Amino acid sequence: MAATSVGRVLTLCRQFQNAFRISTSLAVQQSALTLTKSQSYLDRLTYPLLSSNWHCHVGQCRPLHTTISRRGLEEFFDIPENWGEATVKSGAPWTAKQLRTKSNEDLHKLWYVLLKEKNMLLTIEQESKRQRIQMPSPERLKKKLRQPLSLQIERSMKRLDTVVKEREDALRLLQTGQERARPGAWRKDIFGRVYWYRFREHALPWYMNKRYKRKRFYTPLFVTPHIRLRLEKHLRAKTRIQNKEREKQTVLQEKFPQIKAQSS
Amino acid sequence: MARRLIYPLYQIGNPQLRIFRPPFSLTLVRPGKEQPQDTVQFRILMEMTKCDVRNYLEKIYNVPVGAVRTRIQYCTNKKRNHLNQKVKRPDYKVAYVQLAQQQTFEFPDIFTEKDVKSAEGSVEEMQEKFMEDEKQRQKPDLRRGGVTEWFGL
């Protein structure tokens, strides 16, 4: 049994090598390097891959830039050791607190690492659907309401986005004093409600834009009675909630006189 | 970068649009029909173009891309759920990417099952042994040459 498993691994490796016949020898060398280095690739979700920019401080030698992964299309799949296994270990998602400690370059690189990971998971999921086999450790790719997104990866990317947005907001406030990135204005729609309208870029001025003119930013006069009715409804609902709360409090006081009166 | 992004309008003379931290994902799929050796099949977002795919693969994955062709796959709106409501399967865009520099790509077989030998003396091992014995008993006698037991002797 052991011999056949070893044989299988060897055939897998051979298949893997045959599948990616890249002509350049340099790529082959580097791919061999990457195979040994990226053993616990998925474990190390807590730190981006060492895509090292070895800047020479002396200034005499040329700066050498070596990215670890020159593997091309192989990155759409898992590392060959994980092919065919039922469960694959994976790390925890990034938290916003951890991300805030990283520099902008690190965040930029991390975004691409997460993106590649997401692509890999999507590829494996599609392949498992095609082969009608369950995907290895499907909790990496949680399905929520028919949204096939890797929840952990999505969460990390969203948090990264939030952190970057915070930094951009701070920078813009300091430099220009503007609170929002996208310009807008408070406008009234046809129903009399006031909302924040965000501007869009157009190729024409607004008075030549027929589609824009059809969207009326004023309230016609016949809508005013409806606005009043809507207001009355809203006030009635609010008073109803308040009365209910007050009644509840009186009932509680009667039943349990020792309770302190809660101030709502 | 949220999904509802609006990119700046392009007019002649504007600077080239550059997207940092792209939110798009590609899915490599196994081709349903036979494709030439250098063609790779992807499923991409509906909003992506051929240029987007080319730049994505070249810059992020360092893959030399020759030609890219795309098509939109329309998925059915005919199926109905238990409430007899029509249910739409989402559409997707398919990109056929041909690799440059005479490279070839073959979709690997990811789900080859590895022979797992369970631990010695564990329950699984005994179960497996039992199942194997059962199977051995079920097999007909080879000396009969494929003739069933119905024929006496």
Side-chain angles (χ1 to χ4, degrees), chain A residues 1-2 4-5 8-9 11-12 15-16 18-24 27 67 69-78 80 82-86 107-108 111-112 115-116 118-128 130-131 133 135-136 146 149 157-158 160-161 164 182 198 200-203, chain B residues 1-12 14 20-32 37-38 40-44 56-65 87-90 92 97 99-118 128:
Chain A
M1 284 297 238
T4 48
S5 62
R8 282 226 170 154
V9 169
T11 46
L12 265 178
Q15 277 175 14
F16 171 75
N18 289 340
F20 304 105
R21 279 177 258 126
I22 301 177
S23 45
T24 53
T67 28
S69 27
R70 267 214 72 212
R71 302 183 292 171
L73 289 168
E74 305 163 28
E75 285 166 2
F76 278 104
F77 305 101
D78 224 342
N82 287 342
W83 290 2
E85 290 198 24
L107 287 182
H108 195 82
W111 179 271
Y112 287 102
L115 193 67
K116 286 192 191 177
K118 191 166 146 191
N119 287 347
M120 181 194 73
L121 290 173
L122 286 173
T123 314
I124 293 180
E125 193 209 0
Q126 189 56 44
E127 179 62 21
S128 62
R130 181 68 76 92
Q131 304 289 350
I133 300 172
M135 189 186 136
R146 271 191 278 138
L149 295 170
M157 284 170 113
K158 251 191 172 164
L160 207 157
D161 204 22
V164 170
R182 194 169 155 190
R198 293 187 298 169
R200 282 187 73 157
E201 272 193 82
H202 298 279
Chain B
M1 293 265 179
R3 271 302 282 268
R4 288 192 54 201
L5 285 169
I6 298 184
Y7 293 107
L9 207 64
Y10 180 77
Q11 289 171 315
I12 299 175
N14 283 13
F20 304 107
R21 303 184 298 119
F24 322 116
S25 340
L26 308 179
T27 315
L28 232 179
V29 293
R30 185 189 286 271
Q37 280 292 310
D38 56 349
V40 192
Q41 199 171 335
F42 289 100
R43 279 196 195 173
I44 56 181
Y56 194 102
L57 286 173
E58 277 178 354
K59 299 279 160 57
I60 302 182
Y61 283 92
N62 285 328
V63 173
V65 167
V87 173
K88 165 82 182 164
R89 276 198 196 152
Y92 54 88
V97 173
L99 305 168
Q101 295 165 16
Q102 289 139 15
Q103 288 182 19
T104 50
F105 176 76
E106 198 198 299
F107 200 91
D109 193 14
I110 309 181
F111 293 109
T112 46
E113 283 184 20
K114 296 189 183 161
D115 272 330
V116 177
K117 190 155 196 298
S118 17
E128 272 180 28

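Sequence lines set the chain letters: A, B, ... in the order given, protein chains first and strands last, and positions in each chain run from 1. Since we're looking at a predicted model, the values are computed, not measured.
Only the backbone of B:F24 has a heavy atom closer than 4.5 Å to any heavy atom of chain A. The contact between B:I6 and chain A is made entirely by side chain atoms (from C-beta outward), counting heavy-atom distances below 4.5 Å. Both the backbone and the side chain of A:E127 come within contact range of chain B, each with at least one heavy atom under 4.5 Å from a heavy atom of that chain. At a 4.5 Å heavy-atom cutoff, the contact between B:Y56 and chain A is made by side-chain atoms alone. For chain A, no part of B:P64 is nearby; none of its heavy atoms comes within less than 4.5 Å.
In terms of heavy-atom pairs under 4.5 Å with chain B, the best-connected choice from A:R200, A:H202, A:E201, A:H108 is A:E201. In terms of non-hydrogen atom pairs under 4.5 Å with chain A, the most contact-rich of B:T27, B:L99, B:I60, B:L28 is B:L28.
Between A:L73 and B:F42, the shortest heavy-atom contact is CD2-CZ, 4.0 Å. A pairwise comparison of heavy atoms in A:E75 and B:Y61 identifies OE1-CD2, 3.2 Å as the closest pair. Of all the heavy atoms in B:S25 and A:L122, the pair that sits closest is CB-CD1, 3.7 Å. Closest non-hydrogen pair, B:Q11 versus A:A203, comes out as NE2-CB, 3.7 Å. Scanning all heavy atoms of the two residues, the minimum distance from B:V63 to B:E58 falls at O-CG, 3.5 Å.
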What verdict does the side-chain contact (heavy atoms from CB on, under 4.5 Å) test give for B:F20 and A:W111, after you've listed the backbone C-alpha separation in whole Å, the side-chain angles of each residue and the deciding distance to 0.1 Å?
CA-CA 10 Å; B:F20 304 107; A:W111 179 271; over 6 Å; no
